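Taking it in order: structure first as structure tokens, then the write-up.
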Amino acid sequence: MTLFAVCDLTAEYQTQLLGTDTARPRISWRLTSERRHVLQTAYQIQVYAGTTEVPVWDSGCVVSDDSVLVPYGGPPLVSRTRYAYRVKAWNQYREETEWSERAWWETALLSEQEWSASWITPAAEAIDPDAEPAFLLRRSFEAEHADIESARIYATAAGVYSLHLNGVKVGDEAFAPGWTSYTHRLQYQTYDVTALVRQGANALGAMLANGWYKGRLGWENKSRHYGDRRALLVQLHIRYRDGRESLVVSDETWRAATGPILLSEWYDGEIYDARREWPGWCEPDFDDAAWSAVEKLELPYSHLVAQENEPVRVTQTLQPIAILRTPAGDTVLDMGQNMVGRLRLTVEAEAGTEICLTHAEVLDREGNFYRDNIRTAQQQVRYIAKGKGVETYAPHFSFQGFRYVKVEGMPGQEGELPLAAFIGEVMHSDMQRTGDFECSDERVNQLQRNIVWGQRGNFLDVPTDCPQRDERLGWTGDAQVFAETALFNYNAAPFFAKWLRDLKADQLPDGSVPFVVPNILQGYNAAAWGDAATVVPWAVYTAFGDRRVLEEQYESMKGWVDYIRSQGEREEVWDTGFHFGDWLALDAKEGSYMGATPNHMVTAAYYALSTRIVRDTAQLLGHEEDVRLYGALAERIAAAYRAEFVTPNGRVAAQTQTAHILALVFELVEPGDRERIARDLNAMIVDNNYHLTTGFVGTPFLCFALSDNGYHETAVKLLLQDTYPSWLYSVSKGATTIWEHWDGIKPDGSFWSADMNSFNHYAYGAIGNWLYRRVAGLAPDEERPGYRHLYIAPDYTGGRLSHARVAFESMYGTIETGWAFRGDTLELRATIPANTTASFLLRGAKLDQVRCDESPLTEAEGILAVRQEADGVHFVAGSGTYAFSYERPLLSYRLYHEATQLGELIQWEAARQIIERHAPGWIAGLGAYAGMTLGSTVEHPMGGGISRDQYDRMYAELRALRE
């Protein structure tokens, strides 16, 4: 009897979804089985409301293989109700699972009419609305008796807030309500406070600061982007077991004061005077007679939405690794990691002692504290002690981006500061970690860690460009180039769905897409930036099979493409407006941030990409007329590109790396021209001593353009390059996150210009997507998205890496695959979750040599189809864990890809002599290639007595044939 079970139920990606206003939550589950090749053939879902044992919805036995994001199909949901659900499933072996354990979701307020609370703020005549200190608001209330069944708070703010009930902070979230396009959408949060409400007297309190609503945002020193007065909205429902309910709301009975937080801003930090604390201020017996009245504000309810993504939380703590004394005499903590969050301080000091913590990312080349790149952001926290024993403090409504912290005013600072007095609290949207990658080169592993830390630091409720200077905005271009990498490392589907709703909300009626979302800059419509409207939804769909994000965003996606169509004289050509181009490319003119690739090549490439995505989305959603319209438009865009930017003999007109990358990856050129364009791109890389010159547009696709067109070895050598400019250059300089500039710190230790030099800027971390999909070899299938079907096709060409491994927590279960050279054998292991299948390519393998768990591949259980092709063995496998092995394959190299650019036939006899001299015996493996032409692939067994240096010398002689 094999174990077949349903487990890991989720609703809207969450195991316990508290407070949703989604009308039809989507249920997902995983299957486990001891068998290989298990596919679900049917399922049944039962949903129960409250404590009843009669289902409000029983799907019955549904014949379907769907197990991910299956919509609730019962009667309309009721507000403030917990729904339990369970699932059972059947498979193709006629096995039936037991019912799963129950999971639950709980609805919030499903209509604005259910809000009884008022928006409140301190009365203006008592507390200046423009005062910097955070507001304190409170009220006492009575709970009738102790037999409480449930208590829920629904709350939000114009500003940022935290709640306290009977002296305890409510929830572990930070920076609620998060940042949305407040004019159109404002999230509210749901808190389970059943355990905190007690019979008799209770007290509810709130702290309220400026946040994104009223605080300073952007480098132009502007504030009040959404309003000029902070406000609080709170509604507490208490339900007793006898059926009665009581309601506590924000209204004019509340009281207000200011307290110890004298200033709290995103950029400038926080000032906290502990002497100004109100002890017991959120306890029921506190006397608030000295506090002021509050007043109502007329703010809307119609734009309130329940929390959509994971809130910001403290997800990790770090101890400083060292205390430094700089040449300038400063005392500086080294956290050992460029992190985003806050520093928690523990101190015992006399009343009035002021401790100042100033945050920075790097030290200068002399080893001194450096913060010029932070620009006008102060990134400073000041704590004034109250002098009553041991005091612990961390900022409430501010976060910093930092590795180094300058400490001033700490008691005993003249001696040795205790490291234990400081704890770094890492903060970001609390997404589920899903992806992992490692390989045989530790420098690349550090690069992967830097990619992950860059995402953690910048996915703080919105996908920011950087977390430290006076910016921290949701730049659309950064988000779209990094989206696929982001969706591998973390389950960022809810995170992006929330952000995309804001993009749609901030989109103009003509389809214009802003540079940043939420939009506080009022700049619009740059190629590769505005295309976040199409690229990001499609990336979410591909990674998680989330069809709803396409349904929600479809009009926005079309709107963006239609905006482009309306520009210029011909709808297939976009040659108007401002564009960032290949931002920060190294081939830019002196004094410019924009690379040398013509902007209109970038506009054409992204116009084609977005139009194809809209076409494919229309096909998926059944909009047949749009399929024809946008399909034809995409063809005309590509034709116009070729007419304008490809020469009659098949070359790209602009001689930049990015121009060639876009032509190849965005499929803008005729198939017959791809080989020459790829050869030209490869030549640019090799002639530049394996260095790149690309910026934001070209970099994410550079290695794909090489690997997918026969130059994977060049891509790997480019990856492993550690001199400037390269990915590993920053690693060689001690980076722990991704830099904004390839030379943020120059080889001599000096800095790139201070006006724009972030050391935590994730865009160039998009190389991760290539590591996962080509080096480790794991990729989703767009036709069966969400890894329902997956590809495992690692490319180990070049021999410069000896192993690589990747793991991904898909909605179906854990996917793992890894390859390694073991002497003359290549081993590949893979785990494929139930209800999925995988297509494999074992490069260079011969079918009769491939073993699966010690059996011939063709005889192994779970192997569904096998074929031998020129590039190796292709096969499809069902779910299960597999171990494959075969003789070390022939590793492909384009030995002649640089030897000539004129297209002559290779002189085979001369090449044979060179190879025989350097590698006796290899010719037997090359004989089949006699008479080969330029660009074809010479294969040979790597290893067995030839060193890398020997191979490189042979390679150089073969290249010299052109001379």
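Side chains are part of it too, since the values below use all heavy atoms of this structure and drop only hydrogens, waters and symmetry mates. The structure presented is a predicted model; accordingly, all values stated were derived computationally and were not measured.
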Y641-Y607 aromatic ring centre distance below 6.0 Å: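 So the answer is no for these two rings.
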F578-F580 aromatic ring centre distance below 6.0 Å: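 Judged by ring-centre distance (under 6.0 Å), F578 and F580 do meet the cut-off.
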I'd like to know if the side chain of [X] reaches the main chain of [Y], judged simply by a donor and an acceptor atom lying under 3.5 Å from each other, with no hydrogens or angles considered.
X	Y	result
Q655	V652	yes
N458	C466	yes
Q480	D531	no
Q567	G577	no
H761	D465	yes
D582	G698	yes

Between [X] and [Y]: side-chain donor-acceptor atoms closer than 3.5 Å:
X	Y	value
N489	Q448	yes
D562	Y630	yes
H691	T723	yes

Plane angle bin for H600 and H579 - parallel if under 30°, tilted between 30 and 60°, otherwise perpendicular: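 Ring orientation of H579 relative to H600: perpendicular.
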For E670, salt bridge (Lys or Arg N to Asp or Glu O under 4.0 Å) partners two or more places apart: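 E670: salt bridge (Lys or Arg N to Asp or Glu O under 4.0 Å) contacts with R642.
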E783 atom CD: more than 12 heavy-atom contacts under 6.0 Å: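 12 or below, so no.
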Neighbour count >12 (heavy atoms, 6.0 Å) for atom CD, E569: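 Result for CD/E569: open.
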Close side-chain approach of D441 and R800, heavy atoms under 4.5 Å: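 When only atoms from C-beta onward are counted, R800 and D441 do not touch, as no gap falls below 4.5 Å.
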Minimum side-chain heavy-atom gap N769-F701 below 4.5 Å: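 Side-chain contact under 4.5 Å: no.
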Result of checking Y724, W727, Y729, F696 against W742 for ring-ring contact (aromatic ring centres under 6.0 Å, His included):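 The single option meeting the ring-ring contact (aromatic ring centres under 6.0 Å, His included) with W742 is W727.
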SB check E571 R636 (cutoff 4.0 Å):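 Counted as a salt bridge, because a side-chain N and a carboxylate O are separated by less than 4.0 Å.
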